[in-house]
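Report on the structure given below.
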Amino acid sequence: MQLEWYHGKTRLLYGDGFFIFYLGGMKLDIKTMVVQALEQTLKDHLTGIEITVERPKNPTFGDYAIPCFSWAKSLKKSPQDIAQNLATVIKHSLFSKVTAVGPYINVFLDKTYVSKKITNQIISSKEKFGSNSDGQKSNVTIDLSAPNIAKPFSMGHLRSTVIGNAIANLAEKNGYTPIRINHLGDWGTQFGKLIVAYLKWGNEERVKEQPISKLLSLYIKFHDEVENHPELADEGRRFFKMLEDGDPQARHLWNWFREESLKEFFRIYNLLGVSFDHIQGEAFYNDKMDEVIEILNSKGLLELSDGALVVTLDEYDSPPCLIQKSDGATIYATRDLATALFRKRNYDFARSLYVVGSEQSLHFKQVKLTLQKAGFEWERDMVHIPFGMMLQDGKKMSTRKGRVVLLEEVLNEATDLAHQIISEKNPNLENKEEVAKQIGIGAVIFQDLKNFRTNDIDFSFEQMLNFDGETGPYLQYTHARCHSLLRKAGCFIPKTGYSIREEEAWHTISHLTRFYEVVKQAWEDYDPSKIARYALDLARYFNSYYAKVRILDSEDQDARLCLVYSVAIVIEECLRILGIQSPKSM
RNA sequence: GCGCCUAUAGCUCAGGGGAUAGAGCGUUGGUCUCCGGAACCAAGCGCCCAGGUUCGAAUCCUGGUAGGCGCGCCA
């Protein structure tokens, strides 16, 4: 028998194959147990047929359901009859009730058993709950953030940074070893332009005072001037070539711009709580380009076209990949090829992920095809993970036109607002400053991660600074509320799972059993928003329970607190994966 | 012109072949003897168009329409 995880549904394929139901080494996932139980009870009745197990949207139809339409033809019976017959056959200690409703078999889990099982698992595994070892520790390189030197860290860079960071956490949760690489944009023609601009209009002292903003002004001025003086563009390219050839003056200025920029970037990475395993910018590959050209040349792939060297990709129905410009300087594709080779040699990755905007899709396709043409089969493990743009008033932000929203300003504003709200609601909180930071920055990160990555985001302060509803602060609040209850019960820590039979708790418990599959799915889809959505649902179910049921000083206090404890652990773990902190009070 | 992406509620989005399409924001009303109201409950409003595949389509396919992005010396 074969078991596939498939968009929240499980298909059982009878026949040969194998069946894995141990996870994390030892523990049995509830859904896997359900599938196993159904397999056992149905195998004598449905040989050679595929079974679909789904979760009904409407809870009155049970916890799992099996639609019987597809067997009607081969069994020559109506789906209703089939459901009727099979419903009586399914008997297992995991299920409290199995009913046939029309053409569906509805399966109800035994609440006593499942609640004890799942809370036991959470209590014993803590933050490891939901993890699996699929990756077997193999390396996954993740290319993320990659801001451009001498340009401000904008809201646009936030996306790559937080999406990449969350995907790295998901890789780890699924048993891989993530390697976060910040591939700084510290090379390219833009530096030729910047050097030209600085030499023409720059002033050392003023740049020293406010490096990024002055350099940005120079960059903008360059692009204004180039409108009327197109020869400036040629000069920019000429200076980049000089930089590449090691001209001391160009080199010195480049290094200076780079150092100043890094200082600013790391102030922001500290705020965001993101760190990197390697910071190897494009410049790092400057001396690794010749090899790429040699390899491509030795395989006879290079062709001269308008004075430039290209690899044609006509056979793949793709525009050619430009390898060397007509002035002899390299271009980003060459650097990305060198980078790919380096990463394969250095990290022997199982997968190599590139969290880069969707506007670069064609570029990555060309790079992969070039590698494929050169016979590097591992290019199949390279995945471009695209994401949509951060827009402003529906338009693309543009550094050149000076139309950018600075991330640091947004983070500070969010932190200030959080501080203000804390002062109103919880004036006696001890570490106000720190918690305000966690909430404000958490709000900004969550706002970015809660929707699927490829959607464009129209930047709005109003949304970013909303702390109600589907937001990071809502999750943090729910988590803090849990800890408040645990504190009031004398820092309650359950030693064992509890059976929780009450109807009001079932949504929450049932949802807890889904975490394992969500962790897998979010990783397979490289989709942190699945974790964000899951956490929001969990918080909503729990808050609803909280509103209905008295927890402290109730007869079932310990069992209920055990659920509170479990919810706190899972929300905290979701937020951790997303790169957001979970203060215990706020 | 060609390629890729997107189209679900007033707004932002879930839902990737199954039963009555769900959340949040905003609006209106309620919970207010409240274990943290950054909460809970309720009302209201919806699958771009046309074909096709299927027992069954928001979901898959084809063709439109609208918007976004990209298409060699920028990254």
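All chains are named by letter (A, B, ...) in the order of the sequence lines, taking the proteins before the strands, and each is independently numbered beginning at 1.
Closest to the side chain of A:Leu552, from the set B:rC35, B:rG36, B:rA19, is B:rC35. Nearest to the side chain of A:Arg540, among B:rC40, B:rG72, B:rA19, sits B:rC40. Nearest nucleotide to the A:Asp468 side chain, out of B:rA39, B:rA75, B:rC41: B:rA39. Nearest to the side-chain atoms of A:Lys530 among the listed nucleotides B:rG15, B:rG36, B:rA75 stands B:rG15. Here the nucleotide nearest the side chain of A:Lys488, chosen from B:rG36, B:rC40, B:rA75, is B:rG36. Side-chain atoms of A:Pro56 lie closest to B:rA19 of the nucleotides B:rG72, B:rC55, B:rA19. Nearest nucleotide to the side chain of A:Gln463, out of B:rC55, B:rG36, B:rU12: B:rU12. For A:Ala480, whose side chain is taken as the heavy atoms from C-beta onward, the closest listed nucleotide among B:rG72, B:rA75, B:rG36 is B:rG36. Distances from the side chain of A:Asn451 to the nucleotides B:rA75, B:rA14, B:rA19 place B:rA14 closest.
A:Tyr474 has a side-chain polar atom (N or O) that falls below the 4.0 Å cut-off from OP1 or OP2 of B:rC40. In this model, the phosphate group of B:rA21 is not approached by any side-chain N or O of A:Lys57 to a distance below 4.0 Å at OP1 or OP2. Remark: A:Asn455 is in phosphate contact with B:rA14, judged by side-chain N or O atoms under 4.0 Å from OP1 or OP2. For A:Arg533 and B:rA23, the shortest distance from a side-chain N or O to OP1 or OP2 is not below 4.0 Å.
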Each nucleotide N or O in nucleotides 69-71 of chain B that has a protein N or O under 3.5 Å away: list the pair and distance.
| from | atom 1 | to | atom 2 | distance (Å) |
| --- | --- | --- | --- | --- |
| B:rG70 | OP1 | A:Lys396 | NZ | 3.4 |

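Nucleotides B:rU6 and B:rG17, compared at atom P, are 15 Å apart to the nearest Å. Spacing of P atoms, B:rG64 relative to B:rC25, comes out at 41 Å, to the nearest Å.
Taking all atoms of both residues into account, the shortest heavy-atom contact from A:Ala87 to A:Thr99 is CB-C, 4.0 Å.
Across all strands shown, A:Gln476 has no heavy atoms under 4.0 Å from either base or sugar-phosphate atoms. Residue A:Lys548 is classed as having no contact, given no heavy-atom separation below 4.0 Å to the nucleic acid. Within 4.0 Å of A:Ser585, counting heavy atoms only, lies at least one base atom of the nucleic acid. Residue contacts for A:Val549: at a heavy-atom cut-off of 4.0 Å it reaches a base atom on one of the strands shown.
The nearest whole Å value for the distance from the CZ atom in A:Phe387 to the C1' atom in B:rC5 is 14 Å.
Between the side chain of A:Glu244 and the main chain of A:Asn286, no donor-acceptor pair closer than 3.5 Å is present.
Ranked by how close their nearest RNA chain B nucleotide is to the 5' end, A:Asn106 and A:Ala547 are led by A:Asn106. Comparing A:Arg453 and A:Cys321 by the nucleotide of RNA chain B that holds the closest heavy atom to each, the one mapping nearer the 5' end is A:Arg453.
For the atom pair CD1 of A:Ile445 and CD1 of A:Ile163, the computed distance is 12.0 Å after rounding to the nearest 0.5 Å. Separation of atoms CE (A:Met464) and CD (A:Glu462) is listed at 12.0 Å; rounding is to 0.5 Å.
If you check B:rC74 for Watson-Crick or wobble pairing at under 3.5 angstrom, you find it has no partner at all.
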